[in-house]
Amino acid sequence: MPSRVTAVTTLLRSPLRILSVVLLLVFAAEVAVMFVLPHIMPESYGEAWKAILDAVLLTLVCAPALWWVLIAPLRRVAIQEHQRSQTIVANASEGIVTFDSDGTVISGNRAALELFQMDALELIGKTVRLAIPNLPLSFSELPGEFRLDAVRPNGSRFPVQVSVSEYPSETQELRIAIIRDLTDTQRAEEERLLMARQTEALRAQQMATLAQLATGVAHEIRNPLTSIKMLIQVNRSKFAEEGLPTDDLELVEHEIRRMEQSVNSLLDYARPEQGEFTKFAFQDTLRKAVQLIEGRCESQKVRLSVDVPSTPLLVEGDASQIQQLLLNLTLNALDAMPGGGELRIVADRAEGKVQIKVLDTGAGIDPTVLGKLFSPFVTTKPNGVGLGLGICRRIAESHRGELIGVNRIPHGAEFRLTLPCQNASLDHANQSQDSEDDAKVASHR
């Protein structure tokens, strides 16, 4: 029987096929009746009786044939599909509730009853707002999605996501709501925020500890280093006058200067300078930073391109700190391309912010340090201290901005700086005579 039902449903996939089957059955029944009728109809009956008997026989033959061939298989299919739908709804992991235009609940699956901790009598026939108080009953468009609070009979509230769509019905206007419990999702989000706050608090504590350490280092190391350096410089001049070799002293002086640079970097990271914030055109600061690296780009055979809009990008902050940030990023990019390459600086304004991208074609960021790129003392350079990028991020954050670093495909790195953009325009008197450089959309050096 199931194979016959499947064959019939496959055959009757279109109204045209159904009509063809009906006409074929009626035609076959009519032919059969026409052959049988003369043998069972007495000759004394008139034409009227013949027509009545013909209709009766045709009905008695066609009705069972249509039921057996067409209606019965389609009825079984409809019953199976209805049972399948009911099984899917009843065993769905999410709550499913149907309600009418007044909000009266027509049905609810097992997950919905468990979600609201109600039995069928408590939910069905009651208003849906008994479980979801703020669920709207009139909708401007469907389907619609809402994030609301649901309530249980004991008064406890919990977050849910409700998706409402139309439920097909010929008798009345119905809606179907799919309800998903967001308790675990919200708890996970709260845990993530708590972890982020704890991480930020730990970072602040580390910065405070680092500031104390830097102060001690500056007092205990930097001043003696200065004295040693001065003595070496004096003795090196004396040895040079007497014709003695000074190579060792030069090496010691070089190492002392490197130690001083590390100490100064540590101080800058722990206690960044609080500059005076003013409104300035970002193009001016970028131009000054580019001028400082042009010579090195030429010596390393690095192609430098700058892409900035002609309209001034106004930023409020310390121009010297932003220049230091840009200089650090570009110098890092040049360090990644010792054999040449391309360095691109792109600046633009979008959604009320200035976005600056520093892109290089080097080897990219080492995956082992990518996740802790801005942490102190993390570096892949042989002589690096690992504080430069941390200082850059501190400068960005002090300007209410953001700095991120990612790898490019297929190779290279991208550092993206985002700063708030000011809406006011600069006065004409404050524009520098080098504004032609700022107006270049793409300058290649």
Side-chain angles (χ1 to χ4, degrees), residues 84-168 174-205 350-353 367 370-375 393 397 400-407 416 418:
R84 185 180 292 111
S85 299
Q86 285 186 327
T87 302
I88 293 173
V89 171
N91 295 292
S93 60
E94 297 177 338
I96 300 177
V97 173
T98 57
F99 57 93
D100 59 18
S101 57
D102 296 328
T104 303
V105 177
I106 306 299
S107 66
N109 69 342
R110 181 174 55 190
L113 298 178
E114 293 176 353
L115 182 64
F116 298 127
Q117 295 181 358
M118 299 179 178
D119 56 32
L121 295 178
E122 290 177 310
L123 182 62
I124 298 175
K126 306 296 192 302
T127 175
V128 69
R129 287 186 170 178
L130 183 66
I132 310 176
N134 296 325
L135 181 66
L137 299 181
S138 60
F139 307 91
S140 57
E141 59 179 19
L142 288 176
E145 189 168 286
F146 311 91
R147 189 164 182 167
L148 305 168
D149 282 342
V151 61
R152 295 189 173 101
N154 59 6
S156 62
R157 289 180 172 268
F158 60 99
V160 294
Q161 182 175 329
V162 184
S163 299
V164 182
S165 57
E166 294 183 359
Y167 186 80
L174 296 181
R175 302 282 187 265
I176 181 170
I178 300 177
I179 306 161
R180 184 164 65 94
D181 188 0
L182 297 180
T183 302
D184 293 339
T185 303
Q186 181 171 298
R187 185 182 297 113
E189 181 67 16
E190 291 174 353
E191 291 177 355
R192 188 188 66 81
L193 292 176
L194 178 60
M195 186 176 297
R197 294 192 190 100
Q198 292 176 344
T199 303
E200 189 63 27
L202 179 61
R203 181 187 173 198
Q205 184 178 2
E351 299 180 356
K353 295 184 179 181
L370 186 59
K372 49 185 178 179
L373 189 61
F374 298 96
S375 300
R393 172 167 278 189
E397 291 176 348
R400 296 178 291 114
E402 182 185 24
L403 177 64
I404 60 175
V406 296
N407 278 321
R416 192 178 310 124
T418 304

Quick check on Lys126: does its NZ atom have over 12 non-hydrogen neighbours (other residues, nucleotides or ligands) under 6.0 Å away? yes

Separation between CD1 of Ile176 and CG of Leu174, rounded to the nearest 0.5 Å: 9.5 Å

Going from CG on Asp181 to CZ on Phe116, what distance comes out if it is rounded to the nearest 0.5 angstrom? 9.5 Å

Test: Glu190 and Arg187 ion pair at under 4.0 Å: no

Work out which heavy atom in Leu370 is nearest to a heavy atom in Gly405; give both atom names and the distance. CD1-O, 3.9 Å

So do Phe158 and Leu115 actually touch side chain to side chain, heavy atoms under 4.5 Å? yes

Decide yes or no on side chain to side chain contact (heavy atoms under 4.5 Å, CB included) for Ile178 and Arg180, but give the supporting numbers first. CA-CA 7 Å; Ile178 300 177; Arg180 184 164 65 94; over 6 Å; no

Please give me the minimum heavy-atom distance between Leu130 and Glu122, naming the atom from each residue. CD2-O, 4.0 Å

Acceptor/donor pairs from residues 95-103 side chains to any protein atom, 3.5 angstrom cut, sequence neighbours excluded:
from: Thr98; atom 1: OG1; to: Ser107; atom 2: N; distance (Å): 3.2
from: Thr98; atom 1: OG1; to: Ser107; atom 2: OG; distance (Å): 2.5
from: Asp100; atom 1: OD1; to: Asp102; atom 2: N; distance (Å): 3.0
from: Asp100; atom 1: OD1; to: Gly103; atom 2: N; distance (Å): 3.1
from: Asp100; atom 1: OD1; to: Thr104; atom 2: N; distance (Å): 2.8

To the nearest 0.5 Å, what is the distance between CD1 (Ile124) and CE (Met118)? 11.5 Å

Can you check whether Val151 reaches Ser156 side chain to side chain, under 4.5 Å on heavy atoms? no

Test side chain to side chain contact (heavy atoms under 4.5 Å, CB included) on Tyr167 and Ile106; report intermediate values, then the result. CA-CA 11 Å; Tyr167 186 80; Ile106 306 299; over 6 Å; no

With side chain to side chain contact (heavy atoms under 4.5 Å, CB included) as the criterion, how do Leu135 and Val164 come out once you've worked through the C-alpha distance, each side chain's angles and the decisive distance to 0.1 Å? CA-CA 10 Å; Leu135 181 66; Val164 182; 4.3 Å; yes

Listing request: all salt bridge (charged side-chain N to carboxylate O under 4.0 Å, His left out) pairs with a residue in residues 145-167, at least two apart in sequence or in separate chains. none

Nearest-0.5 Å distance, CD of residue Glu114 to CG of residue Asn109: 8.5 Å

Rounded distance (nearest 0.5 Å) linking atom CG of Leu373 with atom CD1 of Ile404: 11.0 Å

Find the distance between CG (Leu148) and CZ (Arg129) and round it off to the nearest 0.5 Å. 10.5 Å

Kindly give the heavy-atom pair with the smallest separation between Val160 and Leu182, and that separation in Å. C-CD1, 3.7 Å

